[in-house]
Amino acid sequence: MTQSLIDRRFYEAILRFEESDEAQDTYYRIMDTSVERNGRTYTVRDQILRAYAMLFCDDIGAVAGQKASPEDVAATADRLYVGELRFDPKHWYRMQHHFPVIDEDNYDRFAALVIADLRAGPLHEAAAHGDKMLLVGGLNPLTMSSEERQHQKVRRVSDSALPVRGDET
């Protein structure tokens with residue numbers, strides 16, 4: 001039996017990325033690990049970016065197996081909420097985790113944080129106990145009025161909604 005590469009240690013390495021060389025080493029080592037799936041070899045980074053693209057496949061026009069690009073992640077990050085649709089740091093996912101800008105340098109780390117949180121972080125634990133879920137809000141929540149935001153179409157996301165496990169080694 002193989003152990004998942006997307007585990008609590010990986011999640012913690014992403015959170016501590018800016019403050020620790022050891023965390024950066026762990027993050028890069030896992031992201032660059034090759035995994036085999038259905039006879040093809042991918043990196044964990046590829047698998048994570050595919051899973052992230054799947055969250056927004058209708059909105060970004062992603063086809064099955066397509067990886068999220070830096071532009072895709074930047075355009076969708078503001079749509080992720082924890083627990084309820086609000087723009088305060090407690091509920092707006094990217095600000096809760098201090099990603100004020102998402103660009104070429106950190107888009108894959110943000111995508112990895114989302115997927116790792118759903119697999120092994122507090123969102124995984126909270127979803128199991130029914131307290132909180134990751135929510136995907138409307139297409140342009142930053143330009144919505146308060147009333148529009150309250151009545152927007154929302155999808156709940158759990159790790160079971162993601163096809164990529166990342167546990168093959």
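Side-chain contact between Phe56 and Leu80 is present, with heavy atoms from C-beta onward closer than 4.5 Å. At least one side-chain heavy atom of Tyr11 sits under 4.5 Å from a side-chain heavy atom of Leu113. Between Met31 and Phe10 the shortest side-chain heavy-atom distance falls below 4.5 Å. At least one side-chain heavy atom of Leu5 sits less than 4.5 Å from a side-chain heavy atom of Val35.
Under 3.5 Å, the side chains of Glu71 and Ser69 contain a donor-acceptor pair of N or O atoms.
Taking a 6.0 Å sphere around CG of Asp32, one finds it holds more than 12 heavy atoms contributed by other residues, nucleotides or ligands.
Checked against Ile6 for a side-chain contact (heavy atoms from CB on, under 4.5 Å), the options Leu118, Ile30, Asp117, Ile48 give a single hit: Ile48. For the side-chain contact (heavy atoms from CB on, under 4.5 Å) criterion with Arg109, the lone passing option out of Ile102, Val73, Ile14, Val114 is Ile14.
Among all heavy-atom pairs drawn from Ala68 and Ala53, the shortest one is N-CB, 3.6 Å. Pairing each heavy atom of Ala23 with each of Ala13, the nearest pair is CB-O, 3.5 Å.
When atom types are taken as modelled, the side chain of Asp46 and the backbone of Lys67 share no donor-acceptor pair closer than 3.5 angstrom. Looking at Gln24, its side chain does come within 3.5 Å of a backbone N or O of Phe17 through a donor-acceptor pair.
Distance check, rounded to the nearest 0.5 Å: CZ of Arg119 to CG of Asp7 gives 12.0 Å. Between atom CZ of residue Arg94 and atom CZ of residue Phe110 there is a gap of 7.5 Å, rounded to the nearest 0.5 Å. If you take CD on Gln47 and CD1 on Ile115, they are separated by 11.0 Å, rounding to the nearest 0.5 Å. Here the straight-line distance linking atom OH of Tyr52 with atom CG of Asp72 works out to 8.5 Å at 0.5 Å rounding. Considering CE of Met95 and OH of Tyr81, their distance stands at 13.0 Å, rounded to 0.5 Å. Once rounded to the nearest 0.5 Å, the distance linking OH of Tyr93 with CG of Asp78 reads 14.0 Å.
For an aromatic pair to be called close, the ring centres must be under 6.0 Å apart, and Tyr107 with Phe99 fails this.
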